[in-house]
Amino acid sequence: MDTQAVRRDFPILRQLVHGKPLVYLDSAATSQKPEPVLRALDEYYRTYNANVHRGVHVLSELATERYEAARARVARFIHAPGPESILFVRNTTEAINLVAYAWGRAHLRPGDEVVLNPMEHHSNLIPWQLTARATGAHLRFLDLTPTGEIDWNSVDRVLGPRTRLLAVTQVSNVLGTINPVAELVAAAHRVGALALVDGAQSVPHMPVDVTALDCDFLAFSGHKMLASMGIGVLYGKPDILAEMDPFFGGGEMIDEVTLESATWKEIPWKFEAGTPNVAGAISLAAACNYLDQLGMAQVQEHGSSLAHYALAQMQQIPGVEVYGPPADRPRGALVAFNVRGIHPHDLSTILDQEGIAIRAGHHCAQPIHQWLHIPASARASFYIYNTPAEVDYLIAALQRAKEYFAHVLG
Ligand code: C6P
């Protein structure tokens, strides 16, 4: 992959922050946007902005055509059987809530079980806590190995006849663990349960094929994969989606309405009440084009090798503790860490002075921090526009921060 050519496509990277070149290492929170995505957004708003599925005028027809083409493009990106299996939502959080409410509340009975694990983001935990509370279902948790991978012994122990759904992230946003989701989906299916995959940190970074995974649901966010904010996707197997009731009611999701009752449109429109994020969907299609042109295998190789490069160097610095699988294991494009004696927020503030953007805190994943027995962590996350030289710059800045704090604390 020609990273320098990629970087030229990202105008935001050309700026100085505190007088230093911006080193953006926070793509797990949100990615930057390349020219083709910015152009797609600009073109939509400048030349054919209109509401979809409503008008028969030229602009509305064009907007509708591009919106539906975007759905088909996203379906191809994740190898979905067809566009009807792609629901446009706001983000991963909304996608998972949609399943927890529209599927969970209709299907879960007292004593049924939803299986999760400690590395889940709050978005794949709290919707299930709420649904469990409303239905009387129980949450059960898989164990993790000491290095932060799913412990297979617990899979056989926890999954059973009461399991109705397994919900698991494909890549942890804190540990960087890549979970064997195809095997986990198969294990869920063996006990008659459905499987939901949180793809927020995987779909932007690696080839994801929902047909090969055989998952029942996949949730992901456009803003982490070069598209604009406010557009996300829920993939669902068409037969499951067709059988589900809508999540939101309102305009455009209906077939016929009387004062007393209503019937629904076919999938996917049954789930898209109200005016959708048309520009967002179009930007997501442009993002899929951009990523596929690079090749998702190359995108994965690039992010993962930067993460391994950072990990190897951090492990050499006394007082730096890194989390997640060891160096010889696969890893997503991120490394979470702590520098002894420096709170991650202070570290992040110091790095910001050097132009480096990292994330600090619990990354909306408190349970995995409890599991690690730490209150918070710092995290460097990488994407297609990051370089090994930026990792070197981060490592040098970490050394300087350490020395500075050692000096200040005496
Ligand atoms: N993690 C991070 O900095 P939304 O906010 O809905 O687009 O994505 C939620 C989400 C769900 N699952 C995983 C594994 C995630 O990493 C995220 C978002 C960001 O780690 C923001 S908290």
Side-chain angles (χ1 to χ4, degrees), residues 24-33 74 87-101 116-130 142 144 148-150 166-179 181 184 195-206 208 215 217-235 247 277 280-281 283-284 287 303 307 323-324 331-337 344-345 348 357-369 371-372 376-383 386:
Y24 186 76
L25 303 180
D26 197 18
S27 293
T30 200
S31 74
Q32 300 302 348
K33 321 301 174 196
V74 172
L87 313 187
F88 283 129
V89 293
R90 277 189 305 143
N91 47 35
T92 306
T93 305
E94 185 175 305
I96 297 174
N97 274 278
L98 194 159
V99 179
Y101 280 78
L116 305 163
N117 73 82
M119 76 173 86
E120 294 307 319
H121 186 278
H122 298 166
S123 293
N124 198 24
L125 179 63
I126 295 164
W128 301 113
Q129 291 177 352
L130 292 169
L142 302 175
L144 304 184
E149 296 173 272
I150 301 277
L166 168 90
V168 64
T169 192
Q170 190 162 16
V171 174
S172 159
N173 69 323
V174 176
L175 302 171
T177 311
I178 302 179
N179 287 317
V181 285
L184 288 165
L196 176 146
V197 176
D198 175 347
Q201 299 293 354
S202 61
V203 176
H205 293 279
M206 59 197 274
V208 174
C215 56
F217 300 106
L218 173 79
F220 58 99
S221 300
H223 71 93
K224 293 188 199 290
M225 53 182 289
L226 312 179
S228 60
M229 288 195 176
I231 187 72
V233 171
L234 175 68
Y235 157 81
F247 178 31
N277 184 350
S283 82
L284 182 55
Y323 307 108
R331 176 178 274 269
L334 60 90
V335 184
F337 60 97
H345 282 136
S348 175
I358 61 159
R359 186 163 179 196
H362 52 63
H363 319 302
C364 303
Q366 287 187 12
I368 195 62
H369 284 85
W371 184 87
L372 289 164
S377 59
R379 184 188 67 189
S381 56
F382 308 101
Y383 210 12
N386 293 121

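Residues take their numbers from the sequence shown, with the count starting at 1. Order of appearance sets the numbers: ligands from 1, and atoms from 1 within every ligand. Quick caveat: nothing in here was measured; it's all calculated off a predicted structure.
S283 and S228 are linked by a side-chain donor-acceptor pair at a separation below 3.5 angstrom, with hydrogens and angles left out of the test.
Residues H369 and H363 bring their aromatic ring centres within 6.0 Å.
One distance of note links CG of N117 with CG of L166; it measures 8.5 Å at 0.5 Å rounding.
Judged by distance alone, the side chain of K224 and the main-chain N or O of G222 form no donor-acceptor pair under 3.5 Å. Under the 3.5 Å distance criterion, the side-chain polar atoms of N124 are left unmatched by any main-chain donor or acceptor of E120.
Using a heavy-atom distance under 4.0 Å as the criterion, the protein contacts of ligand 1 are A28, A29, N91, T92, T93, H121, S123, T169, N173, D198, A200, Q201, S221, H223, K224, R359, C364, R379.
By the side chain to side chain contact (heavy atoms under 4.5 Å, CB included) test, A380 is found to be paired with L25, F337, I358, F382, L394, residues two or more places apart in sequence or in another chain being considered.
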